[in-house]
Amino acid sequence: MGSFVRDDEPFRPGLPRLRYRFNGNYPYREALVEAIRHQAPHLWVGEHEREPGYLTNS
């Protein structure tokens, strides 16, 4: 799971800098979010769309 950890500016105040980031593209996005919410309901799950290539540049 360590390869999914990112240290990046939060999208909003109060959110952590360190977080897991998964590339959840269609058709798996909804299933991925549902699985995370089921396995870890105490964690905040949000979605944010980035420009193409963002993950390969970070």
Side-chain angles (χ1 to χ4, degrees):
M1 295 292 291
S3 63
F4 294 107
V5 174
R6 297 290 187 257
D7 180 4
D8 204 353
E9 287 297 320
F11 304 120
R12 293 190 308 240
L15 294 178
R17 285 189 57 86
L18 291 176
R19 58 189 169 273
Y20 289 105
R21 183 178 301 148
F22 299 95
N23 187 4
N25 291 329
Y26 179 84
Y28 307 107
R29 182 182 58 80
E30 289 183 23
L32 177 63
V33 171
E34 183 179 329
I36 293 169
R37 286 184 175 148
H38 176 76
Q39 295 297 321
H42 58 287
L43 298 178
W44 179 84
V45 176
E47 298 180 65
H48 188 79
E49 187 172 333
R50 297 287 196 144
E51 65 276 0
Y54 178 80
L55 289 176
T56 57
N57 295 327
S58 57

Closest non-hydrogen atom pair between Pro10 and Arg19, with its separation: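 So the two residues come closest at CA-NH1, 4.1 Å.
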Residues that Glu30 engages under salt bridge (Lys or Arg N to Asp or Glu O under 4.0 Å), provided they are two or more places apart: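 Once residues adjacent in sequence are excluded, Glu30 has no partner under the salt bridge (Lys or Arg N to Asp or Glu O under 4.0 Å) criterion.
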Can you tell me how far the CZ atom of Arg29 sits from the CD atom of Glu34, to the nearest 0.5 Å?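 Taking CZ in Arg29 and CD in Glu34, the distance rounds to 12.0 Å.
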